[in-house]
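Just so we're clear, the structure is a prediction, and the values are computed from it rather than from any experiment. Chain A is the first sequence line, chain B the second, and so forth, proteins listed ahead of strands; every chain is numbered from 1.
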Protein chains: 2
Amino acid sequence: MTLQDRPADAPASLDAFARRLQDMAPGLPKRLRQCADHVGRNLDRVAVSTVADLAEGAGVPPSAVMRFCQIMGFSGFSEMQRLFREDYGGARPDYATRLRALREGAGSSPGALLAEFIDAGRASLERLATQANETAMETATHRLAAGRMIHLAGFRRAYPVASYMAYALERMGVAAMLHSGAGHLDQSQAISADDAVLAITFAPYSAETVDLVALAQKRGARIVALTDGVASPVALAGVTVLTVEEVDFGAFRSLSATLAVAMALAVAIGTRRGTV
Amino acid sequence: MTLQDRPADAPASLDAFARRLQDMAPGLPKRLRQCADHVGRNLDRVAVSTVADLAEGAGVPPSAVMRFCQIMGFSGFSEMQRLFREDYGGARPDYATRLRALREGAGSSPGALLAEFIDAGRASLERLATQANETAMETATHRLAAGRMIHLAGFRRAYPVASYMAYALERMGVAAMLHSGAGHLDQSQAISADDAVLAITFAPYSAETVDLVALAQKRGARIVALTDGVASPVALAGVTVLTVEEVDFGAFRSLSATLAVAMALAVAIGTRRGTV
DNA sequence: GCCAAAATGGAATAAATATTCCATGAGCGG
DNA sequence: CCGCTCATGGAATATTTATTCCATTTTGGC
């Protein structure tokens, strides 16, 4: 790889750009490597930066940045920047502005609180997008779809998630049982080796859920856990673990990310079962 | 208002900018008015546009844009753009890139579905931020907090929202009753004139919720409805209506925005009751 | 309908920014 | 250690972009 052999074509999208960056970065000489690293870590600034800005950020002279643009397949910096400016979907500034306005209210005014919850929800979703483990979700889908029926366990703050999933699965004709704890009946006896269990729980983990997972494991059921990862007590051997980090606001957790995972699972299961 | 008397100081934030735009726009002559309108409707493009771009978009010559920048209090376009570029928190390109990558999978792969749900959730939250009615939320908070206890009604897909609210209110020591329909008991008899009712329902509106609201109205209870606005059957006389538009993905609705409103209400009520 | 004040458009100029080029230095194989 | 190739930095240049200025048009008051 030398500076002579540059790709003939420019990346046509930010994805293509990211891919090419990944491809080329390892074989690049020092200065160009610095450019690649800096650009990679500051993709959002490219649209609003000058050559000089980027050069300074990367600790290289402007001419190095120019060379970098060229080996990436662009005629120069301007062409590269055009890609970033066009693709830039926009941070919906109306949204941002409005959010600030809402937040201006007194600390406990409904508007200010709403702004916080909106922000927590959005942050959770964005984090989920970057952290989601597709492989784990594939595995989870297979295991849950393979069961005769699906047991849903989620109490306290996980209960809304479990109940929405129960609703979705029911709508798609997938047999599911929501373990609600209603009437203090011990529904866990219904779990058999043919079944699949989805346990949803977050710190502080409710004892009912942990017990239910232990029982299900003993019975030989397929188990998937939707939890917050860090040393979750349901992350036993043989359990497929899906982790979701939610952003809290005050004492209350946004459920946005958890719900997104739950719904994606539900629809994937429904599709796989061919019942939709 | 003439072009002579321009403000001495430049807005220091996008908020301040938006406020000033609002202030000044009405009294502006034709061309500058066009600039103001165009900029106001394209705040997200300012950071990545040139004077010529904006001028073309607004249908005015570049010099008009320059004058516009100056009457807004900036020394020129560059200074104004700097404000936009700095504030430009960024569309989290990692997030955007990752989302595209997820979506690349087959239509029903869990990853692709997850991307859709994440996007629907985020879109819902952003829309909520711009459309939320603070006054209505204030009113709703007062009415709900004033009741002896709060009845929560939400079935089918609204049930997760109602149940999370029940959880939150319980945690804050606010008396609340979740009308679950379990056991086919008619819990609605519990509603008295001293109470407040929060009805959560979306098209197709469940009959139970509509009936419950009608009964509560007859009993003289304070009623708040969290619904999707367009001719909702629970928007009766005397009912405080909070509208939330969710973005659907396929057959399933994101609950992100609805949950954000619900949680903001819950915490506002808890605070008002002084129990937190 | 005339006059003054304000607004406008476009061309001229200034400034910022991108891009090229080449002399120099570093690294590598023989 | 020499010679070759490739990488590098900086200065010179080209291009784009912002900004000013002023002649002309429009507007509003009398």
### Query
Rounded to the nearest Å, what distance is computed from the CZ atom of residue A:R85 to the C1' atom of nucleotide D:dT16?
12 Å
### Task
Whole angstrom is fine here: how far is it from CG in A:L32 over to P in D:dC6?
14 Å
### Query
To the nearest Å, how far apart are B:M80 CE and D:dT17 P?
16 Å
### Message
Distance check needed: C:dT17 P versus A:E79 CD, whole Å only.
### Response
20 Å
### Query
Do you see a donor-acceptor pair shorter than 3.5 Å between the side chains of B:E246 and B:T258?
yes
Could you go over nucleotides 24-30 of chain D and give all protein N or O partners under 3.5 Å, atom names and distances?
none

### Query
In terms of heavy-atom contacts, does CD of A:E56 have more than 12 from other residues, nucleotides or ligands at under 6.0 Å?
no
### Task
Go through C:dG9, C:dA7, D:dT17 for me and flag the one nearest to the B:P29 side chain.
C:dA7
### Query
Just by distance, do the side chain of B:R67 and the backbone of B:L32 share a donor-acceptor pair under 3.5 Å?
no
Nucleotide N/O of nucleotides 20-28 of chain C paired with protein N/O under 3.5 Å:
residue: C:dT20; atom: OP2; partner: A:Q70; partner atom: NE2; Å: 3.0

### Task
Would you check, one step at a time, whether the test side chain to side chain contact (heavy atoms under 4.5 Å, CB included) holds for A:Q81 with A:F74?
CA-CA 10 Å; A:Q81 192 177 48; A:F74 301 98; over 6 Å; no
### Message
Assess the residue pair B:L242 and B:V261 against the criterion (side chain to side chain contact (heavy atoms under 4.5 Å, CB included)); give the C-alpha distance rounded to whole Å, side-chain angles, the decisive distance to 0.1 Å, and a yes or no.
### Response
CA-CA 9 Å; B:L242 298 173; B:V261 172; 4.3 Å; yes
### Message
When you compare the side chain of A:V161 with that of A:L255, does any pair of heavy atoms fall below 4.5 Å?
### Response
yes
### Query
Would you call A:V60 and A:C35 a side-chain contact if the rule is heavy atoms closer than 4.5 Å?
yes
### Query
When the ring planes of B:F17 and B:F84 are compared, do they come out parallel, tilted or perpendicular, using 30° and 60° as the limits?
perpendicular
### Query
Roughly how many Å is it from CD in B:E56 to P in D:dT17, rounded to a whole number?
13 Å
### Task
Find the distance A:F68:CZ to D:dT8:P and express it as a whole number of Å.
13 Å
### Message
Expressed as a whole number of angstroms, how long is the span from A:R82:CZ to D:dT16:P?
### Response
10 Å
### Query
If only side-chain N and O atoms of A:S78 are considered, is one of them under 4.0 Å from the OP1 or OP2 phosphate oxygen of D:dT15?
no
#### Entry: Nucleotide nearest A:T50 when distance is taken to its side chain, options D:dG9, C:dT17, C:dT8
C:dT17
### Test salt bridge (charged side-chain N to carboxylate O under 4.0 Å, His left out) applied to B:D53 - qualifying residues, sequence neighbours left out
none
### Message
If I take atom CD in residue B:Q81 and atom C1' in nucleotide C:dT17, what distance separates them, rounded to the nearest angstrom?
### Response
13 Å
## Note on the structure
Of C:dA18, D:dA18, D:dT8, the nucleotide closest to the side chain of B:F77 is D:dA18
